[in-house]
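Let me begin by presenting the structure, written as structure tokens, before commenting on it.
For the single chain, residues carry numbers from 1 onward in sequence order. What you are looking at is a predicted structure, and each value in this text was computed from that prediction instead of being measured.
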Amino acid sequence: MNTEVDTFALESVSTKQAGERSGAGTLLVSVSTLNPAYRTSRMMYVDQPFQLDVFAKNEWVSPPAEMLLPLLAES
């Protein structure tokens with residue numbers, strides 16, 4: 001039985017500009033609160049409404065919300 005798991009990370013910041021900058025502004029980026037089902041590094045998908053299934057051989061290196069926060073702040 002092969003128990004090897006592939007791991008994935010969110011680590012790239014987009015360099016695409018949404019529009020022209022118009023002066024200095026402030027954007028508050030806060031820690032998101034999640035449903036406990038999403039506080040995991042397991043990769044999930046939905047095949048039927050309201051039913052989460054887990055990929056057998058793929059995982060995130062850490063929960064996606066933890067990886068997104070620094071990327072949002074940097075962007």
Side-chain angles (χ1 to χ4, degrees):
M1 184 166 125
N2 186 1
T3 59
E4 187 175 322
V5 175
D6 295 319
T7 56
F8 298 86
L10 302 174
E11 53 193 14
S12 298
V13 175
S14 175
T15 57
K16 189 175 185 179
Q17 294 292 323
E20 292 187 31
R21 295 179 185 216
S22 58
T26 302
L27 176 66
L28 174 64
V29 180
S30 64
V31 177
S32 58
T33 55
L34 299 174
N35 180 306
Y38 298 106
R39 289 185 202 148
T40 178
S41 47
R42 297 182 305 172
M43 281 191 175
M44 298 181 190
Y45 64 95
V46 175
D47 196 30
Q48 297 180 18
F50 308 107
Q51 180 179 336
L52 294 173
D53 291 312
V54 179
F55 284 102
K57 297 182 180 181
N58 297 323
E59 289 185 358
W60 296 108
V61 294
S62 63
E66 291 178 14
M67 292 185 285
L68 280 173
L69 182 63
L71 295 177
L72 288 171
E74 187 177 335
S75 291

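- Here L10 contributes atom CG and E66 contributes atom CD; the two are 11.5 Å apart, rounded to the nearest 0.5 Å.
- F55 is linked by a ring-ring contact (aromatic ring centres under 6.0 Å, His included) to Y45, counting only residues two or more places apart in sequence or in another chain.
- Contact check for M67 versus S62: side-chain heavy atoms found under the 4.5 Å cut-off.
- Partners of L52 under the side chain to side chain contact (heavy atoms under 4.5 Å, CB included) rule, at least two apart in sequence or in another chain, are A37, Y38, M44, V46.
- The shortest non-hydrogen separation linking E59 to R42 is CG-CA, 4.4 Å.
- Pairing each heavy atom of T40 with each of P64, the nearest pair is O-CD, 3.7 Å.
- Under the side chain to side chain contact (heavy atoms under 4.5 Å, CB included) criterion, A73 pairs with no residue at all, not counting sequence neighbours.
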